[in-house]
Amino acid sequence: MDKTKKNKPKLTIAKLSAIMPADELDKVKTRLTSLRQLIQNSAELGEDLSGIVADLRAVPAPSGEMFVFTPQLSQNVILLETVFRDCSDVKFRFFKTGGRQALLVSLDGMTDATALELNILKPLMTVTTVNSDLKKMMEEKLTVAALNIEVNANSAIEAVMSGNALVMIDGMPEMLAIDATKHVKRSVSTPVLEESLRGPQDAFNETLADNIVLLRRRSKDPNIKIRILDVGERSKTAIALIYLANLVKPGLMEEVERRLNSISTDSVFVSKTVEEAIVEHPWTPFPQLESTERPEKVMAAIYEGRVGILVDNTPASVIIPCTYASIMQAVDDYTIPASVACLVRISRHVAAFMAIYLPALYIAIVSYHPGMLPTGLAISIAELRARTPFPSFLEALLMEVLLELFQEAITRLPKKVSSAASMVGAFVIGTTVVQAGLVNPFLVVVIATTAISSYVMPLYSFGLGLRALRVPILLLAATLGLYGVMLGLLIVTVHLCSLKNFGESYLGGMLDIDTLADMKDTVFRVPQKFMKARPIEFGAQDQERAGDS
Amino acid sequence: MTVSIMANLEVKDKMSVLQFGVVMAAIMLGAQFIGLPTQLVPQAGQLAWVSVILGGGLFFCATWVMLKLAALYPNSDPIEYLPRLLGKWLGVGAICVLVLLFLGVTWVTQNQFSRVLVFFMFDRTPTDVIIMSMLAVVAYCALQDLGTIVRVAQFTFFVSVAMIGAIWSVAIFNFQPENLLPFWTNKPIGVLQATLNTWGTYGGYEIVLLLFPVISQKRNNLVKVVGIGFIFITLISVIIVVVTVGVLTVETIKNESYPTLVVVRSVELPGTFIERLENYFLIAWIPLIFNSQALFVYMLAQIMSRLWGFADHRPWVLALVPLIYTGATLVDGLELMVLAGKVLTLLGLVFSLGIIPLVYLYAKWKNQGVTAGER
């Protein structure tokens, strides 16, 4: 017992600071203060380091790009919201995929919402784990036909504005651009400006994809190539170049592409903008590129070694190069017997001449050379003219002005009103002006014939060009009589021959001795079995039409 | 099959052999045929057509010699090789003869053209108005590149020839074959003298010297094409002379300044819409004058620009226009016109039958200008 007591340790109570002098309260307080200071310094240091790391991580956007997407979805959202600020039609749809935050960006009304729900949202939202390889996920999970991976900010934004949907997943700097474009558009309908009796009845509309289909459907030739370019700094309008790889005139395609790429414009809404930008003589009244809404006309041109251009949002396609002879060809020439087509075509050339020169010839003969007329007719005209107070030139000018006014009014007015306006026009021009003694009836016949002649032109803008020259030639006729008309004719001929349209002379090929063989389809229209060679003028690589032997 | 011909304007300064043939015919068929019978009939009588044929042969030979000379220097024009071959002064002198010849032709043609037009169409209009207006259009054409001018020339040539041919064909209604009799002459010298006078009809073929380097492709057919061109002009001239003599008789022609137009005027087509045919004929003639003048002015501008080291011919076109206008107005009066015609014919004959054959023989003898690279 005593041993037990002896072995029992002696318990002594003392102050902790006495036992652990290093841990006394004051010192701990001092250390704590130091620690707090240290933590504060560390936090500041951490912030600085974070800033440095952030700066190091941030890659500067390449020139011409707005920004660079980061792996953090939240940051990308901020960037996109900045770009699409005040664009209420841009929709942001957040969702979860495999536990990660994801975002679907689309343009309301331009995308197919049902397709996106079924083919994008549904598969992605049912995924349990997200594969970090976007390409693999795209191949395994998504059922959309057309989609691609996008990393470039400009391309991604352009894709959204074109009607594509954008899918972004947190942790991935790449995104998916899904082609689900669906918007309101005009269906393929009959030609409005170039009607044909027996030709095809489908015409281009405003949608580039539809127009390309209309061309592809007409030929299964894999040599038909379609190259798409974007023109317009802001509008980014899609322009399709269509050509036959083994037939197109050497160098033509490259030259067209070069000129298109050098177009410096803000926006392109009509094909005329492209036309004016690439032609060499923008001031001439004559159309230098052929414009058509008929797909078969474009295809026929492509098979002659020419190049077709389709511009998105416009039904008027462009054919390059274009000459006077090609303008005078109409689709119906090839759907009627060749002999009749020959007569029609010759009458069209005569009409082109009359559309410019007929009033001028009238003025010249009546004012300067009445002796050229048969005596009876000369007396008859003299009688009629005696009833009007104006000189024949002023009479003609008055009629020209009236005609132009009525034509312009009828073009601008709605259809229902324009028919009434044309009635008024016909009444005023045909009857009242004569009854009022302002113009003699013979001149009315001349001007009406001239107007009808200009309507005969297969290309409306060519008719406008002819109309534009009528008054200057009229002036020459009033000044120098028939000699003046001939001078006008020569000036117009020189001008038309000097117009170089991607290497072709506008008029010069018509009676060029080297291309006289082309007359079989320019001045005349011989039966198809005799048209075994392509037009020499357009310089196709292969002159023989394949299969024609 | 690859296109090997000049299908388009891309090659602006080249032309094919066929195109050259048409251009040569266009420049030859200018103003002269209006007064051609008056020039020949006083000397050759009813056998003026023989003079035309002989003239065609003679000037074709002259052109053939020019082709041979040009072939010695296939890549150069005479402005380059003549001074090299003959020395600076002689070479430039020969070129000056050509310049004077072309300039003189433009003066006389413009004057004759304006007189005819005033006489038949505008009796109260000064000739200066006609000359100035025509020169303005000619200058506009000559300011273009060769490719354009070649196409304009072809277009207007074919259209004009078709129109003139159609109008002229109606003269057959007044044709009296007995006016061509007898088929023999007791003045063969007169026929030969008239042959030399046909230079005015064929003048212009000298352009072959200037255009030879720009004729592309193989030139094997060039002589044949030039020959066809001469046959064409000869044929037209023979038809004009024969029909004019047949309609008007030799004695009447001697007193007419413009017998060709009188022939057309004499045709009456009662009951038809068209009555006064001479105006239609003149209208069709205007493009031929224009063609010929535009080509002469272009050629002159080319010669001058090369002579003075200009890269572009256009300033010289503008410089030549006032010179041509002044010359055309100064050659006034019938006597002066006749004199100018004689001087030009003499100059043309000296150049074609004197200078060029001698230069060719000298070049052939010297055979120095031919280098391996040029041939």
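No hydrogens, no waters, no symmetry mates; every other heavy atom, side chains included, goes into these values. If you're wondering where the values come from, they're calculated on a predicted model, not measured in any experiment. Within every chain, numbering begins at 1; the chains are lettered A, B, ... in the order of the sequence lines, protein sequences first and strands thereafter.
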Inset, instruction - For residues B:Met121 and A:Tyr483, report the shortest heavy-atom separation together with the two atoms involved. - result: CE-N, 4.5 Å
Legend entry - Minimum side-chain heavy-atom gap A:Leu490-B:Ile286 below 4.5 Å: yes
Inset, instruction - Look at A:Leu487, A:Leu482, A:Thr375, A:Val485 and state which one has the largest set of heavy-atom pairs under 4.5 Å with chain B. - result: A:Leu487
Inset, instruction - Please round to the nearest 0.5 Å and tell me the distance separating atom CG of B:Leu282 and atom NE2 of A:His369. - result: 9.5 Å
Legend entry - Atom group of B:Ser133 that falls short of 4.5 Å from chain A, counting heavy atoms: both
Legend entry - Beyond-backbone contact of B:Thr148 with A:Lys500, side-chain heavy atoms, under 4.5 angstrom: yes
Legend entry - Any B:Asn279 side-chain heavy atom under 4.5 Å of A:Ile365 side chain: no
Legend entry - Segment of B:Leu277 engaging chain A (4.5 angstrom heavy-atom cut-off): neither
Legend entry - Where A:Cys497 and B:Val152 come nearest, the two heavy atoms and their spacing: CB-CG2, 3.5 Å
Legend entry - Min side-chain heavy-atom separation B:Phe290-A:Leu489 under 4.5 Å: no
Legend entry - Student check: side-chain heavy atoms of A:Met510 and B:Phe155 closer than 4.5 Å: yes
Inset, instruction - Measure distances from A:Leu480 to the heavy atoms of chain B and classify the residue's part below 4.5 Å as side chain, backbone, both or neither. - result: both
Inset, instruction - Select one option (side chain, backbone, both, neither) describing which atoms of A:Thr323 are under 4.5 Å from chain B's heavy atoms. - result: neither
Legend entry - Crowding at CZ, B:Phe173 (>12 non-hydrogen neighbours, <6.0 Å): no
Inset, instruction - Heavy-atom distances under 4.5 Å only: say whether B:Leu117 touches chain A with side chain, backbone, both or neither. - result: side chain
Legend entry - Gap separating the OG atom of A:Ser498 from the CD atom of B:Gln144, nearest 0.5 angstrom: 4.5 Å
Legend entry - Close side-chain approach of A:Asp512 and B:Gln19, heavy atoms under 4.5 Å: yes
Legend entry - A:Arg348 atom CZ, neighbour heavy-atom count above 12 within 6.0 Å: yes
Inset, instruction - Determine the option with the most heavy-atom pairs under 4.5 angstrom with chain A, choosing from B:Phe157, B:Phe158, B:Tyr140. - result: B:Tyr140
